[in-house]
Amino acid sequence: MAELKQFHSQIIRLGLSADNDAMGRIIKFSAVSESGELNYAQKLFDGIPQPDSFIYNIVIRGYLQAQLTRNCIQLYSQMLQASVTPNHFTFPPLVRACSVHNAVEEGKQVHAHILKFGFLEDGFSQNNLIHMYVNFHRLEEARRVFDKMPRRDIVSWTTLISGFSQLGFVDDAYKIFELVPQRNSVCWNCMIAAYVKSNRFKEAFALFERMLAEKVELDKLVAASMLSACTGFGALEQGEWIHQYIKSHGIELDPKLATSIIDMYCKCGCLEKASEVFNGLPHKAISSWNSMIGGLAMHGKGNAAIELLKDMERKSLAPDNITFVNVLSACAHAGLVKEGHHYFHYMTKVYKLEPKMEHFGCMVDLLGRAGLLQEARKLIDEMPISPDAGVLGALLGACKIHGEIDLGEQIGKQLIELEPHNSGRYVLLANLYANVGRWDDVANIRKLMNDRGVKKVPGFSMIELDGVVNEFIAGGRTHPHANEIYAKLDEMLESIRSAGYVPDTEELLHDIDGEDKKNPLKYHSEKLAIAYGLLKTKPGATIRITKNLRVCKDCHHASKLISKIFYREIVVRDRNRFHHFRNGECSCNDYW
DNA sequence: TTAGGGTTAG
């Protein structure tokens, strides 16, 4: 910038300060380059008697980059008033400004101008219009622009696909995707990511296979999306494959990608691999630290999570909000009440981070799980913000664990009205009633669910073998090896019975949040998945299961015994956390 | 000058 200012004074000396060519260059640098100064550009602009369209365009772009979208629109009006004709460089940033600024009326006017000035054939302007209407949540308009374009390019297609998927119309997005004449990796990734974001992992995997078959390059963004798919699905082998691919093809391991890999390993149950990647990073982004701390939290390694926070501080890195969410969650899962209290205050005292909803949620969970229900309630009452469903849900969960019926009933009723479509809330309240034998109330909740058309989420467990994910539902018989699996299951249960296993029939009576009322405990999906694992893996190999609900008491007990009798480590990821069953014990210390 | 990614409690 200093050199630029010198250059500017030379121009003044040469009497060129009214020369648009020379001034345009200086303004361009000041307005849009990284080391520029927008204020300076503005001052120069004001001193030019008759700026040309290039100068207007470049300052509009500068304003856009600085998020001063209002100024973009104003400058455009000024341009028209000065009778300077806009060209095809004028509209893309201008449309973008309307879009970012949510200026619907101005956007429509700019759209009309684009047509009036004859830019129907300009792909950049038209593509930006599609984007703008998507941003305004006006898909029909976006589609109309798309349909009227004389020549659509891959960006037009991808923008439209991403628009439909972002607004939740993933199936429509896919229909459009199928019509694209020549897809590049951005377009593939857009559709794959759409499936991943809506938790439709199988479709994401199927699309990925197709992409590879069509020999489209697997770039780092596709890799990142697929890592998320593996994370969501609990597909460790597939995730390892992607990681290997990244290494062997020299794909640059930028901080975001590294974080995705660490997160994948943590959430697929492999903390060792996650640490290995984490420790091997030359420059660790804060997100990498956060996902590693979060991983330790999920696996119940509270003290290790705290150690990592201290490590961060030793390296003079400032933890952020997310770091503390993860640290507090680590304390909650490990029952570290004292430490939790400490860090809850510490974050504000030392780092000036005001606790947000998530932090209160963690604290309520921490206190509630530890049985300190009154303290949890007091914290909620004293919160500076009004608690959301998550915070109240944490308290309700604690009431269920500790059989705190009065408080639980009150919170449960409140939650059901707050989130009338969340089946989990009804289930938890019904369970609370069931625990104390209030069967009429259980029936009432069931009826309320029926009347409101709220469906319970069906439970399922998954196990990945040779890169194939096998899914089980309670009592399901659709698996091609069903007979074999049920035989193994019976053998498995017989073995643990002789070691003292008694099915937890108490829970059976209450089994409303269990997997399926019609199917007895012995056919819970988790047990089926473990039986299949015992059948198909080598002796001594770790069995890894992912399930969508929380582990039930009976399955937890059975899994501990199976780990001992069959000499297997069993790693179960449930809705909340990981359980590592080993030699008759669980890493959660039965605290979950 | 236009399209794509990560870490957040229950």
Side-chain angles (χ1 to χ4, degrees), chain A residues 32 57-58 60-61 64-65 87-96 99 122-132 134 153-163 165-166 184-194 196-197 219-228 231 254-264 266-267 285-295 297-298 320-333 356-366 368-369 388-398 415 422 424-425 428 550 575-577:
Chain A
V32 299
N57 294 344
I58 209 71
I60 290 178
R61 229 174 91 200
L64 177 65
Q65 276 180 21
N87 61 21
H88 65 286
F89 283 104
T90 311
F91 292 109
L94 184 61
V95 172
R96 181 49 68 102
S99 168
D122 178 53
F124 285 96
S125 298
Q126 296 296 321
N127 289 341
N128 273 297
L129 282 174
I130 299 175
H131 193 108
M132 178 185 83
V134 166
D153 62 12
I154 188 63
V155 179
S156 330
W157 286 98
T158 310
T159 308
L160 196 64
I161 293 168
S162 122
S165 76
Q166 272 169 37
N184 62 12
S185 66
V186 178
C187 186
W188 280 98
N189 186 44
C190 174
M191 198 58 231
I192 291 174
V196 175
K197 281 200 193 107
D219 66 15
K220 67 175 174 179
L221 279 101
V222 177
S225 295
M226 285 313 297
L227 284 165
S228 288
T231 306
D254 66 30
K256 287 181 183 174
L257 192 56
T259 302
S260 301
I261 296 172
I262 293 166
D263 191 48
M264 182 276 292
C266 288
K267 294 196 177 132
I286 184 123
S287 62
S288 299
W289 287 89
N290 288 349
S291 58
M292 198 62 228
I293 292 174
M298 235 180 313
D320 65 5
N321 272 314
I322 298 174
T323 317
F324 283 104
V325 168
N326 290 343
V327 168
L328 294 175
S329 140
C331 295
H333 285 298
K356 298 203 293 186
M357 197 69 84
E358 296 86 335
H359 303 101
F360 283 103
C362 290
M363 280 311 282
V364 170
D365 184 39
L366 169 81
R369 238 192 260 259
D388 69 354
V391 175
L392 296 174
L395 185 57
L396 178 59
L415 261 174
N422 186 336
R425 311 296 188 199
L428 211 54
R550 294 180 64 171
R575 202 188 162 76
N576 271 338
R577 58 168 298 153

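Everything numeric in this text was worked out from a predicted model, so none of it was measured. Every chain is numbered from 1 and lettered A, B, ... according to where its sequence line falls, protein lines coming before strand lines. The figures that follow rest on heavy atoms only: side chains count, while hydrogens, waters and symmetry mates do not.
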Closest to side chain of A:N326, choosing from B:dA3, B:dG5, B:dT8:
B:dT8

Which nucleotide sits closest to the side chain of A:D254: B:dG5, B:dT2, B:dA3?
B:dG5

A:R577 side chain to A:H333 backbone, donor-acceptor under 3.5 Å:
yes

Just how far, in rounded Å, is C1' of B:dT7 from NZ of A:K197?
15 Å

Within this structure, what is the CD1-to-C1' distance between A:I261 and B:dG5, rounded to whole angstrom?
12 Å

Applying a 4.0 Å non-hydrogen cut-off, can you work out what A:S162 is touching in the nucleic acid: base, sugar-phosphate, or nothing?
nothing

Of the listed nucleotides B:dG10, B:dT8, B:dT2, the one nearest the side chain of A:I322:
B:dT8

Rounded to whole angstroms, how far apart are CD1 on A:I130 and P on B:dT2?
15 Å

Which is true for A:S225 with a 4.0 Å heavy-atom rule: it touches a base, it touches only sugar-phosphate, or it touches nothing?
nothing

Stacking here means centres under 5.5 Å and planes under 30°; does A:F124 stack on B:dT1?
yes

Looking at B:dT8, I'd like to know if its phosphate oxygens (OP1 or OP2) sit under 4.0 Å from a side-chain N or O belonging to A:H359.
no

Just the rounded figure in Å: distance from P of B:dA9 to CE of A:M298.
8 Å

When we call it a touch if two heavy atoms are under 4.0 Å apart, what does A:R96 touch: a base, just sugar-phosphate, or nothing?
sugar-phosphate

For a quick check of understanding: with a heavy-atom distance under 4.0 Å over all strands, which category does A:R369 fall into, base, sugar-phosphate or nothing?
sugar-phosphate

A:T231-A:D263 side chain donor-acceptor pair, cut-off 3.5 Å
no

For a quick check of understanding: with a heavy-atom distance under 4.0 Å over all strands, which category does A:L257 fall into, base, sugar-phosphate or nothing?
base

When you compare the side chains of A:D153 and A:S156, does any donor N or O come within less than 3.5 Å of an acceptor on the partner?
yes

Closest non-hydrogen atom pair, A:A194 against A:S165:
CB-CB, 3.5 Å

Looking only at the side chains, is there a donor atom on one of A:D320 and A:T323 sitting less than 3.5 Å from an acceptor on the other?
yes

Taking atom P of B:dT7 as reference, at what distance in whole Å does atom CG of A:L227 sit?
10 Å

Counting only distance, no hydrogens or angles, is the base of B:dG5 paired donor-acceptor with the side chain of A:N189 under 3.5 Å?
no

I want to verify a distance call: between B:dT8, B:dG5, B:dG10, whose nearest atom is closest to the A:V325 side chain?
B:dT8

Per atom distances to the A:A224 side chain, the nearest of B:dG4, B:dG5, B:dG10 is B:dG5

Please determine if a side-chain N or O atom of A:K256 lies less than 4.0 Å away from the OP1 or OP2 oxygen of B:dG4.
no

Just checking, any donor-acceptor pair under 3.5 angstrom between side chains of A:N127 and A:T159?
no

Answer with base, sugar-phosphate or nothing: what part of the nucleic acid does A:S125 contact at a heavy-atom distance below 4.0 Å?
nothing

Just to be sure I understand the rule, does A:V364 reach a base, reach only the sugar-phosphate, or reach nothing, if contact means heavy atoms closer than 4.0 Å?
nothing

Check: A:N127 side chain, B:dT2 base, donor-acceptor under 3.5 Å:
yes

Side chains of A:T259 and A:S291: donor-acceptor distance under 3.5 Å anywhere?
no

Of B:dT2, B:dT8, B:dG10, the nucleotide closest to the side chain of A:V155 is B:dT2

With a 4.0 Å cut-off on heavy atoms, is A:D320 in touch with a base, just the backbone sugar-phosphate, or nothing at all?
nothing

How many whole angstroms separate atom CE of A:M292 from atom C1' of B:dT8?
16 Å

Once you round it to whole Å, what is the distance between P of B:dG10 and CG of A:L395?
14 Å

Proximal nucleotide (of B:dA3, B:dA9, B:dG10) relative to the A:H131 side chain:
B:dA3

Rounded distance in Å - CZ (A:F91) to C1' (B:dT1):
13 Å

A:P92 has a side chain; which of B:dA3, B:dT1, B:dT8 sits nearest to it?
B:dT1

Using a heavy-atom cut-off of 4.0 Å across all strands, would you classify A:N321 as base, sugar-phosphate, or nothing?
nothing

Measure from the side chain of A:F89, starting at C-beta and using heavy atoms only, and say which of B:dT7, B:dA9, B:dT1 lies closest.
B:dT1

Would you mind telling me which of B:dT2, B:dG10, B:dT8 lies closest to the side-chain atoms of A:R550?
B:dG10

For B:dA3, does the base pair up with any side-chain atom of A:N184 as donor and acceptor (N or O, under 3.5 Å, distance only)?
yes

